[in-house]
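Convention: sequence-line order gives letters A, B, ...; per-chain numbering from 1.
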Amino acid sequence: MTAPAVAEPVVRAEDVAVSFVGRDATVNAVNGVSFTLDPGEVLCILGESGSGKSVTLRALMRLLPFRRARLSGRIEIAGLDVMAMSDRALADLRGTEVGMIFQEPMVAFDPVYTVGRQITETIVRHEGVSQEQARRRALDLLDRVRIPSPERRLRAYPHELSGGMRQRAMIALALSCQPSLLLADEPTTALDATVQIQILLLLRELQREFGMAVIFVTHDVGVAVEIADRIAVMYGGRFVETGPVREIMRNPRHPYTQGLLASTVHSASRGQTLEAIPGSPPDMTRLPPGCAFAPRCRFAEPGCETPPAAIQLSPHHMVRCIRAT
Amino acid sequence: MLEYIIRRVLYVIPIGLGVTVLVFALVHMSPGDPLSAVVPPDAPEEMVQDLRKAYGFDKPLPIQYVTWLGRVVTGDLGVSVARGREVVDELRIAVPNTFILAAGGTLLGFTLGAIFGGIAGYFQGRWIDKLATAIAITGVSVPHYWLGLVLVIIFSVEMNVLPSIGMGPGGSTAWAWDAEHMRHLVLPVVTLAVIPMGLITRTVRATVAEILNQEFVQALHAKGLFQRQVLMHVVRNAAPTTLAVMGLQLGYLLGGSILVETVFQWPGTGSLLNSAIFERDLPLLQGTILVLAMFFVLLNLLVDILQSAIDPRMSRQ
Ligand SMILES: Nc1ncnc2c1ncn2[C@@H]1O[C@H](COP(=O)(O)OP(=O)(O)OP(=O)(O)O)[C@@H](O)[C@H]1O
Ligand code: SF4
Ligand SMILES: [Mg+2]
């Protein structure tokens, strides 16, 4: 299942930034994110609420409200320049090269179309096959995501399925045109704990089977460890630390990452509720000029008032903190 | 689905009965003697009593109701006191005329409303939205009488391009698909259409804007659907709400047509009601109200069934 060693990366993002221009304030949701993703690789974006994870994910497909969102930087998917694409080319890319699954499948499905119709219309749109062929493929897909009595589910409306079933159907939909990249925005957060694990296992299995690259957004360290090859810790719209899972777990170098892991380990060992890092997430309309974590960082010093550069500790381990040198 | 339809159709029976009770009670509880229209004030008491017996007005109300209902279900609505003709015959002329007017107003008002509302919702917050919203607000705040008169002054009196009263040449009371009848239709239809147009614009605008903000629209774009395919989804989602409001509007539109018919002397049920009230013509009044009310009940039935056919979340619960 592993891709050839020198394959073209599936994603190449350089200095991607997104801001939302409002009447009173501008939200700087993403502030210079760079990374590459190889075929078949699973990257987890880890960060607390409002840190810009979903916006980063959507920016990759330019799936942002075009009148309010300002997007800059370079984005390449499968070697194609996403920023230069026409609307038509973008629509051709979405659904074929890139599939997406959402946090709440209930609101991500159109409530007045059957599940089957929503899968087949995607297949017909991109591959121009007949309705009947598309239906057979949809049936096969539901089978692949292990939905029992798929015939009946195809004819069901989204509200007639259980939460876990809906997310399975959403996965089937995202995989319907065999994308090389799957974007998953907290796909298990809205589900019960046991269902969560089932969906995670299913995703991992399908990822290996299809050899897809996956970007998986979560704020749950446990989930990240379970599924990721690589972790990117996000704070204030930036990747503050990226590296292979084991490296990050064993040797976190950014104070924010350290806090995140400590609170998780802490709660796991003592069975307590999650102990948050003191302080509150930054106001994305007024980020400090330097390190966005400074107001909450116990190591903060005057030098932190200029933006910390990306420091490569090793070819795969990057951190943005002046203490890392 | 079928079960829902059957259940809904069966509901019509008690509702229909309720309507007949209401119509009967309404007319009989209104002040004044039902005979005053036919009996001269100085008539001898004996003659009044005889007439009362002849019309059955001397019996207790429940008995009167049952007798009346029995006749109604066989299609006998009595004889108009003032005109001396069968009420059914009067209605046979008036109902199609009201239907033409209401259908014209519905078609114009709903079409424009859906278009304006769709555009406004899609381009929410931009100048074209503001324009459509302004038209809608103006539309709902203009009274029928006033608008009708203004239109008559402009197009009939000043410009002399459109007729101001009646349905066709020479006091025609039967619709015909010719240019003259069409010309007579323009002003009443426009007057009638303006309020529903405004209300539908507002509803559709709000519905479309709300749908566009839902996550599934993003998900549709994420699948790579063409813009027109996404719009189709939006239309399908907006349809149930829009239809429900349109159904309600049909009722108001019927009410509005009574006013409009009066303004333009359109020979429909509105005019009939109007003269029945002024002439204290009870059988005519009763018959006309009953037919309008029954029509309203059936209309609601139709809208409910249509809506449940369009919105899978409704009928299956
Ligand atoms: N369409 C939008 N218009 C304006 N601001 C937005 C929009 N979408 C997101 N934002 C803002 O951008 C910032 C980042 O949001 P984002 O959804 O990426 O956070 P997140 O990391 O996914 O959080 P969560 O874990 O809660 O999903 C937030 O401050 C949010 O308010
Ligand atoms: S750069 Fe300074 S403020 Fe930021 S995490 Fe490092 S030490 Fe803390
Ligand atoms: Mg999010």
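Residues Q218(B) and M100(A) have side chains not in contact (no heavy-atom distance under 4.5 Å, counting atoms from C-beta outward). Q214(B) is not listed as a side-chain neighbour of V107(A), based on a closest heavy-atom distance of 4.5 Å or more. In this structure the side chain of H221(B) reaches within 4.5 angstrom of the side chain of R94(A), judged on heavy atoms.
More than 12 heavy atoms of other residues, nucleotides or ligands shown are found within 6.0 angstrom of CD on E132(A). Around CG of D87(A), the count of heavy atoms belonging to other residues, nucleotides or ligands within 6.0 Å does not exceed 12. Counting non-hydrogen atoms of other residues, nucleotides and ligands closer than 6.0 Å to CZ of F99(B) gives a total of 12 or fewer.
With a 4.5 angstrom heavy-atom cutoff, R62(A) does not touch chain B via any of its atoms. Only the side chain of L173(A) comes within contact range of chain B, judged by heavy atoms closer than 4.5 Å. Residue contact with chain A, scored on non-hydrogen atoms closer than 4.5 Å, is absent for I211(B).
Note that CG of L220(B) and CG of D110(A) are 6.0 Å apart. Values are rounded to the nearest 0.5 Å. Interatomic distance, F226(B) CZ to E121(A) CD, rounded to the nearest 0.5 Å: 11.5 Å.
Pairing each heavy atom of G224(B) with each of R125(A), the nearest pair is O-NE, 2.7 Å. L225(B) and A91(A) get closest at one heavy-atom pair: O-CB, 4.4 Å. A108(A) and A219(B) make their closest contact through O-CB, 3.3 Å (heavy atoms, listed as atom of the first residue, atom of the second, distance).
Between chain A and the residues R126(B), Q229(B), Q227(B), the most heavy-atom pairs under 4.5 angstrom are made by R126(B). Ranked by non-hydrogen atom pairs under 4.5 Å with chain B, the options M61(A), R67(A), M170(A) are led by R67(A).
Judged by distance alone, the side chain of K223(B) and the main-chain N or O of G99(A) form no donor-acceptor pair under 3.5 Å. Checking side-chain atoms of R236(B) against main-chain N and O of Y113(A) turns up no donor-acceptor pair under 3.5 Å.
Using modelled atom types, one finds no donor on one side chain facing an acceptor on the other under 3.5 Å when comparing H233(B) with Q118(A).
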List the atom pairs, with distances to 0.1 Å, where a side-chain N or O of residues 247-259 of chain B and a protein N or O form a donor-acceptor pair under 3.5 Å, not counting sequence neighbours.
| unit_1 | atom_1 | unit_2 | atom_2 | d |
| --- | --- | --- | --- | --- |
| S257(B) | OG | L254(B) | O | 2.7 |

